Each structure stands twice: as C-alpha cells, then as structure tokens.
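Keep in mind that what you see is a predicted model, and the values were worked out from it rather than measured.
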Amino acid sequence: QVQLVESGGGLVQVGGSLRLSCAASGRTFSSYAIGWFRQAPGKEREFVAAIHWSGGITYYEDSVKGRFTISRDNAKNTVYLQMNSLKPEDTALYYCAAGPPRGIMTMRSKYDYWGQGTQVTVSS
C-alpha cells in the first residue's frame, strides 16, 4: 500500500509564501516521479510541478514558473513545493501524486497514487 500525505497548506495574503510537503511511505520511491496538482472550485485538476525522484528533472506549469520550486529530500522520502509571490488564482486544493516515469510527467493519467490534498487560500 502506498501513502502520500500532503501538509503545509493554509491561508496567506497576496505576495506571501507557503511550503507544501508531500511525505511518501509504503514503498521505495527512488525511481518514481512526484507531481503536484491543484483543483479550484468548479475547475478541473491541473498540473503544477513535478520532479523525477532519482534524476531531479523538473517540470513546471507556465503560470508558476519563477514563483514555485519543487525539490526533494530522499532521506525523508519527502517532496516539497515552495510557493512564493502567491496570487489569488493560486487558491486551490493541492494534491501530490506518484508514478513511475513515463516521459514528461505533466498529465494526471501518468500518476498511480494520490494524496488527499491540502488547501491553499490566497486572500487579497
């Protein structure tokens, strides 16, 4: 059984920062990719960022490039999403997901395991 647990969400003002964490357990993730997705009310779940666990290859959605940084700590089996210069449109439920590398990891269908999500609210 694979578990992914997100944490670090909360309420922040425009321009503020948050760091989300995704703690993985249940198996070895040394060859997996971890992605962050978000879903705002009434909208589809969309890709935010991803990282290959072993190689450190990263992907970002265009609207978060330069503001968000994804990183990993292999010793802790944890992936982080540092979010800076937050905007109201970043408000959403943020999910992390895991899956074996299948090319460019920006699509939901490429991930096998999902966490329950952590809420991020950016107030103006």
Side-chain angles (χ1 to χ4, degrees):
Q1 189 69 18
V2 174
Q3 294 90 33
L4 299 172
V5 179
E6 304 96 335
S7 62
L11 175 64
V12 65
Q13 292 186 333
V14 170
S17 298
L18 284 174
R19 188 178 79 157
L20 305 184
S21 299
C22 174
S25 62
R27 65 172 298 155
T28 301
F29 287 90
S30 60
S31 61
Y32 268 51
I34 301 293
W36 284 98
F37 291 76
R38 65 187 180 186
Q39 187 166 17
K43 296 186 177 181
E44 292 190 358
R45 194 172 300 186
E46 65 175 5
F47 170 76
V48 177
I51 186 167
H52 283 249
W53 201 282
S54 57
I57 299 171
T58 58
Y59 310 96
Y60 294 95
E61 195 270 330
D62 285 345
S63 69
V64 307
K65 286 180 181 177
R67 300 189 298 123
F68 291 11
T69 303
I70 190 169
S71 62
R72 71 196 192 283
D73 184 334
N74 292 349
K76 295 182 178 180
N77 254 16
T78 300
V79 170
Y80 303 100
L81 183 68
Q82 178 66 44
M83 306 187 297
N84 299 327
S85 301
L86 283 162
K87 304 175 180 180
E89 52 263 43
D90 295 318
T91 295
L93 189 59
Y94 283 70
Y95 299 89
C96 69
R102 298 174 176 130
I104 300 175
M105 299 292 289
T106 60
M107 297 174 62
R108 290 167 54 185
S109 59
K110 295 192 175 185
Y111 291 86
D112 298 331
Y113 308 103
W114 291 83
Q116 294 300 306
T118 184
Q119 178 67 38
V120 171
T121 302
V122 184
S123 66
S124 54

Undergrad: Would you mind reporting whether D112 and P100 have side-chain heavy atoms less than 4.5 Å apart?
TA: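 Result yes, sub-4.5 Å side-chain heavy-atom pair found.
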
Undergrad: Any non-hydrogen side-chain atom of N77 less than 4.5 Å from a side-chain atom of S25?
TA: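 No, their side chains stay 4.5 Å or more apart.
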
Undergrad: Specify the closest pair of heavy atoms between L4 and C22, including all atoms of both residues, with the distance to one decimal.
TA: CD2-SG, 4.1 Å

Undergrad: Could you walk me through whether W36 and E6 satisfy the side chain to side chain contact (heavy atoms under 4.5 Å, CB included) test, starting with their C-alpha distance in whole Å, then the side-chain angles of each, then the deciding distance to 0.1 Å, before giving a yes or no?
TA: CA-CA 10 Å; W36 284 98; E6 304 96 335; 3.8 Å; yes

Undergrad: Between L93 and Y95, is any pair of side-chain heavy atoms under 4.5 Å apart?
TA: yes

Undergrad: Do the side chains of V64 and R38 get nearer than 4.5 Å, heavy atoms only?
TA: yes

Undergrad: Please determine whether the number of non-hydrogen atoms from other residues, nucleotides or ligands lying under 6.0 Å from atom CG of L11 exceeds 12.
TA: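 Yes - once you tally the heavy atoms of other residues, nucleotides and ligands closer than 6.0 Å, there are more than 12.
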
Undergrad: To the nearest 0.5 Å, tell me how far S85 OG sits from K87 NZ.
TA: 8.0 Å

Undergrad: Find out whether Y59 and M105 are in side-chain contact, i.e. whether some heavy atom of one side chain is under 4.5 Å from a heavy atom of the other.
TA: yes

Undergrad: State whether D62 and K65 are salt-bridged, where the test is any N-O pair (Lys NZ or Arg NE/NH1/NH2 against Asp/Glu carboxylate O) under 4.0 Å.
TA: yes

Undergrad: What's the separation between atom OG1 in T58 and atom CZ in F68, rounded to the nearest 0.5 Å?
TA: 14.5 Å

Undergrad: Please answer: with hydrophobic residues joined when any side-chain heavy atoms are less than 4.5 Å apart, are M83 and Y60 in the same cluster?
TA: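 In one cluster with M83: Y60, yes.
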
Undergrad: Which atom pair, heavy atoms only, marks the closest approach of N84 to S17?
TA: OD1-OG, 2.9 Å

Undergrad: Check V79, I70, L81 against I34 for a side-chain contact (heavy atoms from CB on, under 4.5 Å) and give me the one that passes.
TA: V79

Undergrad: Using the ring-ring contact (aromatic ring centres under 6.0 Å, His included) rule, take Y111 and F37 through it: C-alpha gap first, then chi angles, then the decisive distance, then the call.
TA: CA-CA 11 Å; Y111 291 86; F37 291 76; 5.3 Å; yes

Undergrad: Could you state the interatomic distance from CD1 (I104) to NE2 (H52), rounded to the nearest 0.5 Å?
TA: 8.5 Å

Undergrad: Are V5 and Y94 joined in one hydrophobic group, where the rule is that I, L, V, M, F, W and Y side chains link up if heavy atoms are under 4.5 Å apart?
TA: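 Cluster IDs for V5 and Y94 differ.
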
Undergrad: Side chains of residues 113-124: which donor-acceptor partners sit under 3.5 Å, not counting sequence neighbours?
TA:
from	atom 1	to	atom 2	distance (Å)
T118	OG1	G9	N	3.1
Q119	NE2	A92	O	3.3
Q119	NE2	T121	OG1	3.4

Undergrad: Please check if Y80 and I51 belong to a single hydrophobic cluster, counting links between Ile, Leu, Val, Met, Phe, Trp and Tyr side chain heavy atoms closer than 4.5 Å.
TA: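 No, separate clusters.
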
Undergrad: Counting only heavy atoms not in E89, do more than 12 sit closer than 6.0 Å to its CD atom?
TA: yes

